[in-house]
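Order of the sequence lines sets the chain letters (A, B, ...), proteins ahead of strands, with each chain counted from 1.
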Amino acid sequence: MEKSATEENKPLNFIEEIIDNDLKAGKYESILTRFPPEPNGYLHMGHAASICLNFGVAKKFGGKTNLRFDDTNPVAEDVEYVNSIQEDIKWLGFEWANVFYASDYFDTLYDYAVQLIKQGDAYVCDLTSEEIAQQKGTPTEAGKNSPYRNRSVEENLDLFARMKAGEFKEGEKTLRAKIDMTSPNMLMRDPLLYRIKFAHHHRTGDKWCIYPMYDFAHGQSDSIEKITHSICTLEFVPHREVYDWLIAKLGIYPSKQYEFARVNVNYTVMSKRKLLQLVNEKHVNGWDDPRMPTISGMRRRGITPTAIRQFCEKAGIAKREKINEFSLLEFCTREHLNKIALRRMVVFNPIKVVITNLENEISLDIENNPEDENGGKRHVIFTKEIFIEKDDFVETPQKKIFKMEVGKAIRLKGAFIVTCTNVVKNEDDTISEIHCTYHENSKSGNDKSGIKVQGTLHWVSAQYAIPVEIREYDRLFKVENPSDEEGDFKDYINENSLNVIPNAYAEPVLQQATLEHHFQFLRKGYFYLDKTSTAEKIIFNKTVGLKDNWSK
RNA sequence: UGACCGAUGGUGUAACGGUAGCACAGAAGUUUUUGGUGCUUUUAGUUGAGGUUCGAAUCCUUGUCGGUCAACCA
């Protein structure tokens, strides 16, 4: 078998296969895809998958991708969303060939509607919303023809023009395609093409009081732009028949629709409607709350575009509904962050350690990233008094536990081996400080002590450490698929998804942390500066923990 | 009791009539100045029943299960 030039080692997904075949058959010279968000919410992981697919296949096969806002319902849409969507796509690392709006085509769409009326393929219907629903039939029962179905072309033309002119009230009249009220496909039972809405549109202002429905906007927009492959999600499968019918009747460029399964992730929800509820009802602190599966939320949390793209790649493209495990996203995040994150030491829950044989502070240079030879080093000062994690000291010695205990030697990362000599206690029997002696010839990188230690601890200088706030996140929901449970999805919100550690002690270089860098706090996980962080109050979001085989 | 779509380890995805593979998750070992990383090993799968074929995850029939469709949303 001959391999095409576009083929890499891994097999093509079914969309790529279709494109590959079309190109080989000479059906198209080059392909054009589009990403068509409605600007009524922030983009989430599901959109990221669609973006990766649409922009990805175009890039792979030497084509282009348009960004098109599907803004045919002015009631829900807003420029705030238009801006955030563009920012998110760019951040993810993709470039569109053009930015278009379905609203750019309102004039053309109107002309198309007139054409359909003239051909006898559309009519103005006076039925109310309820009446239409009633006459539509059910999936197992045919619908009935509207009494207005056989109006003359002249009357339809006149009525439609008057709809546009604003002579009728909202809901009073609609334009419907004349297809087949007995079709087993409910969407083919004379679908609505236009409805009256006296709403201000974010782009066209008050020019229009009639707006096209999805079915009379999306496929037509695709066609106008000469989109070759219009890729959408599974719920649009039944719309394909309408899509093809309208394009055929109009005799316009035959874009083709292909459907794939949307990407879901467990323990969260992936619908703009539900995410909007979480925002509006303050279950989270906005669309970009680091717990949200939105692109902006993931960005704020410290997940990288590379990780998201990798996740989408690994999650794959298929035709069946699926829920991916969050652990796959965590894996992709760790995989990338391990390579780029600067290593730092931060003590979350401190206990004081006094190095009794150390009088003068010692200056150390510790590697920024053991995975990066060119990563350089940062300056850290070892002082007589330091903090370690309270959890890293145990009073009762245990085997196979790599912690500090009286009489035992242990390595302080990047510094020296210390031997714990004794502890000083408070009146209530709690430990006030731990005393250790350090071994001068055991300096990191130049250890001549010959002492074998089990374990290495992170630490900060008590004198130089800076206070930082740490925000740790857990899954947003207590169940894998909240939408699949009894009752409201919000009943399954994990109340403990945010854990704030207001006073952690960080090594001083973290004072200069910016959004440019991702960090790994040794033995803790990956962290990223929160966008609200200031010099006075430094805040870090936990992106993801380190993989931990031991605690299990 | 309609139409359409789908069904491969716990999860996701390959195999295009010819050895069921990969990744994540899980387990074990190894390395390690992060209980991180790396490396090695390993557990586990074709929805049931028929049929076609030398040979079926793949083709056919049928059952079962899951999803979608009755918004003037997209």
Side-chain angles (χ1 to χ4, degrees), chain A residues 1 10-11 13 17 36-38 40 70-73 75-77 102 125 127-129 132-134 136-143 170-176 183-187 189 192-197 211 213-215 217-218 232-241 259 261 263 266 272-273 313-332 334-335 338-339 343 345 366-367 370-371 400-403 410-415 417 442 444-445 447 453-458 480 520-526 545-552:
Chain A
M1 270 295 197
K10 55 183 145 162
N13 64 48
E17 217 162 85
E38 183 186 11
N40 67 344
D70 228 336
D71 55 351
T72 57
N73 184 9
V75 179
E77 296 151 8
C125 184
L127 257 26
T128 64
S129 171
I132 288 177
Q134 217 167 45
K136 198 142 202 167
T138 68
T140 56
E141 206 181 321
E170 283 191 15
E172 205 173 314
K173 284 186 168 45
T174 56
L175 183 74
R176 300 177 70 180
S183 170
N185 181 352
M186 298 286 292
L187 292 160
R189 322 242 263 226
L192 267 58
L193 266 23
Y194 267 93
R195 79 285 213 189
I196 299 169
K197 266 183 200 290
Y211 291 94
M213 298 287 290
Y214 167 85
D215 281 319
H218 199 98
C232 61
T233 46
L234 248 30
E235 66 268 31
F236 291 99
V237 168
H239 289 260
R240 191 175 60 231
E241 205 178 347
E259 312 86 10
V263 166
N266 62 4
K272 279 195 274 191
R273 203 193 94 249
E313 179 70 36
K314 286 183 184 292
I317 300 298
K319 274 191 270 197
R320 57 169 154 159
E321 296 286 349
K322 58 181 178 184
I323 300 181
N324 289 280
E325 289 183 343
F326 187 73
S327 60
L328 182 61
L329 211 209
E330 292 187 320
F331 170 81
C332 295
R334 288 192 192 104
E335 188 181 46
N338 178 51
K339 292 186 195 128
R343 313 294 136 122
M345 295 193 285
I366 308 180
E367 63 195 354
E371 303 297 315
K400 281 189 172 180
I401 296 260
F402 299 178
K403 294 190 173 184
I410 198 160
R411 162 76 59 184
L412 293 175
K413 176 69 186 181
I417 292 173
S442 69
S444 184
D447 184 357
V453 295
Q454 209 178 21
T456 301
L457 304 182
H458 64 281
E480 282 203 47
Q520 184 197 103
F521 294 168
L522 253 53
R523 305 206 298 139
K524 289 293 186 185
Y526 294 97
L546 260 19
K547 194 173 175 188
D548 184 2
N549 295 313
W550 154 75
S551 65
K552 285 165 193 164

Inset, instruction - Would you indicate, yes or no, if U13(B) has its OP1 or OP2 atom less than 4.0 angstrom from a side-chain nitrogen or oxygen of Lys322(A)? - result: yes

Inset, instruction - Indicate, with a heavy-atom threshold strictly under 4.0 Å, whether Ile323(A) touches base, sugar-phosphate, or nothing. - result: sugar-phosphate

Inset, instruction - Find the partner of C59(B): check Watson-Crick (N1-N3 plus N6-O4 or O6-N4) and G-U wobble (N1-O2, O6-N3) distances, both under 3.5 Å, and reply none if neither fits. - result: G51(B)

Legend entry - Interatomic spacing from CD in Glu259(A) to CZ in Arg240(A) - rounded to 0.5 Å: 4.5 Å

Inset, instruction - Using Watson-Crick or G-U wobble geometry with both distances below 3.5 Å, tell me the partner of U33(B), or none. - result: none

Inset, instruction - Could you work out which one of C24(B), U33(B), U37(B) sits closest to the side chain of Ser444(A)? - result: U33(B)

Inset, instruction - For this output row, return yes or no: ring centroids of Tyr214(A) and His239(A) closer than 6.0 angstrom. - result: yes

Legend entry - Listed nucleotide nearest any side-chain atom of Pro238(A), set U68(B), U34(B), G2(B): U68(B)

Inset, instruction - Nearest-nucleotide wise, let me know which of Leu546(A) and Ala318(A) is further upstream toward the 5' end of RNA chain B. - result: Ala318(A)

Below 3.5 Å is the cut-off: list the nitrogen or oxygen pairs between protein and nucleotides 70-74 of chain B, distance only.
unit_1, atom_1, unit_2, atom_2, d
C72(B), OP1, Ser129(A), OG, 3.0
C72(B), N4, Leu127(A), O, 3.2
C72(B), N4, Ser129(A), N, 3.3
C72(B), N4, Gly171(A), O, 2.7
C73(B), OP2, Arg195(A), NE, 3.2
C73(B), OP2, Arg195(A), NH2, 2.9
C73(B), OP2, Lys197(A), NZ, 3.1
C73(B), O3', Arg195(A), NH2, 3.2
C73(B), O2', Asn73(A), ND2, 3.2
A74(B), OP1, Thr72(A), OG1, 2.7
A74(B), OP1, Arg195(A), NH1, 3.4
A74(B), OP1, Arg195(A), NH2, 2.9
A74(B), OP2, Tyr214(A), N, 3.0
A74(B), O4', Glu38(A), OE1, 3.4
A74(B), O3', Asp70(A), OD2, 3.3
A74(B), N6, His239(A), NE2, 2.9

Inset, instruction - With heavy atoms under 4.0 Å as the rule, sort Gly445(A) into base, sugar-phosphate or nothing. - result: base

Legend entry - Nearest listed nucleotide, side chain of Lys413(A), among U33(B), G36(B), A25(B): U33(B)

Inset, instruction - Find the distance Asn266(A):CG to U11(B):P and express it as a whole number of Å. - result: 11 Å

Inset, instruction - With the side chain of Ser327(A) defined as its heavy atoms from C-beta on, choose the nearest nucleotide among A25(B), G35(B), U13(B). - result: A25(B)

Legend entry - Watson-Crick or G-U wobble partner of G2(B), both distances under 3.5 Å: C69(B)

Inset, instruction - Would you classify Arg334(A) as touching base, sugar-phosphate or nothing, given that sugar-phosphate means primed atoms plus P, OP1 and OP2, and contacts are heavy atoms under 4.0 Å? - result: nothing

Legend entry - G-U wobble or Watson-Crick pairing nucleotide for U42(B) (cut-off 3.5 Å, both distances): G26(B)

Legend entry - Pairing nucleotide - C16(B), Watson-Crick or G-U, each distance under 3.5 Å: none

Inset, instruction - Can you measure from CD1 (Ile196(A)) to NZ (Lys173(A)) and round to the nearest 0.5 angstrom? - result: 7.5 Å

Inset, instruction - Tell me what Gly414(A) touches on the nucleic acid: a base, only sugar-phosphate, or nothing, going by heavy atoms under 4.0 Å. - result: base

Legend entry - Distance in angstrom units between Leu457(A) CG and U33(B) C1', rounded: 11 Å

Inset, instruction - Classify the nucleic acid contact of Phe331(A) as base, sugar-phosphate or nothing, counting any heavy atom under 4.0 Å across all strands shown. - result: sugar-phosphate

Inset, instruction - For Ile401(A), answer base if it contacts any base atom (sugar-phosphate contacts may also be present), sugar-phosphate if it contacts only those atoms, and nothing otherwise; contact means non-hydrogen atoms under 4.0 Å. - result: base

Inset, instruction - Return the 5'-most residue of the pair Ala315(A), Glu17(A) with respect to RNA chain B, ranking by each residue's nearest nucleotide. - result: Ala315(A)

Inset, instruction - Identify whether any heavy atom of Glu321(A) sits under 4.0 Å from a base atom; if not, whether one sits that close to sugar-phosphate; answer base, sugar-phosphate or nothing. - result: sugar-phosphate

Inset, instruction - Could you work out which one of A3(B), A15(B), U34(B) sits closest to the side chain of Pro184(A)? - result: A3(B)

